[in-house]
Amino acid sequence: MSNQSIVNQGQQYVMNTYSRFPIALVRGSGSYVWDADGKQYLDFLGGIAVCILGHCDPGMQTALNEQASRLWHVSNLYWIQPQVELAEKLTRLSGLDRAFFCNSGAEANEAALKLARKYHYRRGQSQRHQFIVFNHSFHGRTLATVTATGQKKYQEGFAPLPAGFVYADFNDLESVRRLINDETAAILLEPVQGEGGINPGQPEFLTAIRSVCDQEDILLIFDEVQCGMGRTGAFLACQSYGVTPDIVTIAKGLGGGFPMGAMLASDRAASGFAPGDHASTFGGNPLATAVANYVVDVVSSPSFLENVESMGAYLRQGLNKIEDKRIMEVRGKGLMLGVEFDREIRDLVEICMKLGLLLIGAGPQVLRFVPPLNITAAEIDQALAILQAALKEWQ
Ligand SMILES: Cc1ncc(COP(=O)(O)O)c(C=O)c1O
């Protein structure tokens with residue numbers, strides 16, 4: 001089937017929830033994908049920060065195939081070795097104590113919000129039900145996580161939204177302090193805001209938030225769905241800040257393309273949940289955890305993380321060198337970079353695609369770079385050359 005015939009069929013039968021580009025992708029290898037008409041693209045969005053080992057990584061294939069011939073799915077009423085192993089690795093690597101597995105970022109955040117409320121409830125503090133969240137954040141599309149998301153455009157038309165969310169300004173400690181009271185259960189934030197425009201948290205802000213939470217008996221939840229899993233050059237972004245939250249959520253890169261999410265928590269926070277409090281039929285299933293075990297082994301190795309840091313610096317340097325008056329700022333951390341323009345970038349993204357480079361925005365004016373984490377310098381050079389050519393064409 002051609003691009004056009006797949007697009008036509010999709011437009012007829014698939015629900016209209018995405019502004020999709022008019023191509024159908026059929027194959028991937030490393031940092032490249034191919035469309036149904038055989039055109040090759042350099043993939044610098046990697047399923048939006050998901051394909052951290054690129055496409056069809058041989059080790060991931062082996063992990064999946066070996067598990068697929070052994071056991072696909074059993075209920076979480078039974079133990080399975082790959083899930084237990086993954087929980088041990090993730091807790092060891094994060095410095096936290098316990099893992100809960102699910103299938104997506106929104107589901108991991110939903111679990112974190114529920115855990116925070118139940119934690120206070122079990123301690124006889126059920127009045128502590130309120131979450132402090134941040135403007136320009138993004139936490140998912142379920143009713144609770146879309147309410148936690150501090151961007152009105154995602155909430156419009158879904159009222160009444162769940163109660164108990166108040167909004168502070170990111171990197172503004174005073175705006176957080178003003179919202180704290182006896183009802184505060186948790187503070188939820190992305191250490192590096194993704195969808196909101198690639199906004200890194202300031203180290204002093206995150207450190208101060210940790211102290212405030214300790215003083216006020218408030219749980220600190222970091223949403224690392226986009227910025228975790230090696231993306232910033234540390235296994236978790238919080239580690240590069242030297243701040244340990246009580247709860248961390250991860251997803252996206254965890255399965256490297258296999259749908260997968262997790263919530264990690266300290267023993268203290270995790271004590272909020274008892275059997276029956278939360279569950280997910282598919283969460284941490286044998287296939288997902290077999291793949292994630294492989295991904296985590298690769299991504300947590302020091303040499304892999306060093307490459308993320310050096311390739312991130314290399315890409316950033318290349319972006320900084322581009323001379324274009326429409327560029328306002330290059331910012332981000334590791335291989336999570338954003339270039340802010342003085343205008344909307346949808347047309348620029350389309351020109352890049354035409355020239356063979358897949359990119360995506362983070363908000364209307366920020367071009368986002370979240371390539372595979374094993375990207376090479378030669379691939380970065382290629383992306384920068386295509387971007388320069390696209391900027392020339394972009395009126
Ligand atoms: C920081 C963050 N949290 C949560 C989500 C939601 O993840 P999912 O789409 O897997 O539900 C996203 C998705 O972009 C995200 O970037």
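When a ligand or atom number is given, it counts from 1 through the structure's own listing order.
Considering His139, Met260, Glu107 only, the shortest heavy-atom separation from atom 4 (C) of ligand 1 involves His139.
The closest protein non-hydrogen atom to atom 3 (N) of ligand 1 is Asp223 OD2, 2.7 Å. Distance from atom 10 (O) of ligand 1 to its nearest protein heavy atom, with residue and atom name: Gly105 N, 2.8 Å. Given atom 11 (O) of ligand 1, the protein heavy atom at minimum distance is Ala106 N, 2.8 Å. Atom 13 (C) of ligand 1 has Lys252 CE, 3.4 Å as its closest protein atom, hydrogens excluded (heavy atom only).
Between Trp72 and Asn285, every side-chain heavy-atom pair lies at or beyond the 4.5 Å cut-off.
By the definition of a contact as any protein heavy atom under 4.0 Å away, atom 16 (O) of ligand 1 is in contact.
A salt bridge between Glu88 and Arg92 is present, with a side-chain N of the basic residue lying under 4.0 Å from a carboxylate O of the acidic one. The pair Arg268-Asp246 meets the salt-bridge criterion, with a side-chain N (NZ, NE, NH1 or NH2) lying under 4.0 Å from an Asp/Glu carboxylate O.
Taking hydrophobic clusters as Ile, Leu, Val, Met, Phe, Trp and Tyr residues chained together by side-chain heavy-atom distances below 4.5 Å, Leu335 shares a cluster with Val33.
Neither the backbone nor the side chain of Thr145 has a heavy atom within less than 4.0 Å of ligand 1. At a 4.0 Å heavy-atom cut-off, ligand 1 does not touch Ala251 at all.
Put simply, the side chain of Trp394 never gets that close to the backbone of Ala390: no donor and acceptor are under 3.5 Å apart.
Between Phe100 and His278, the ring planes lie tilted relative to each other; the angle falls in the 30° to 60° range.
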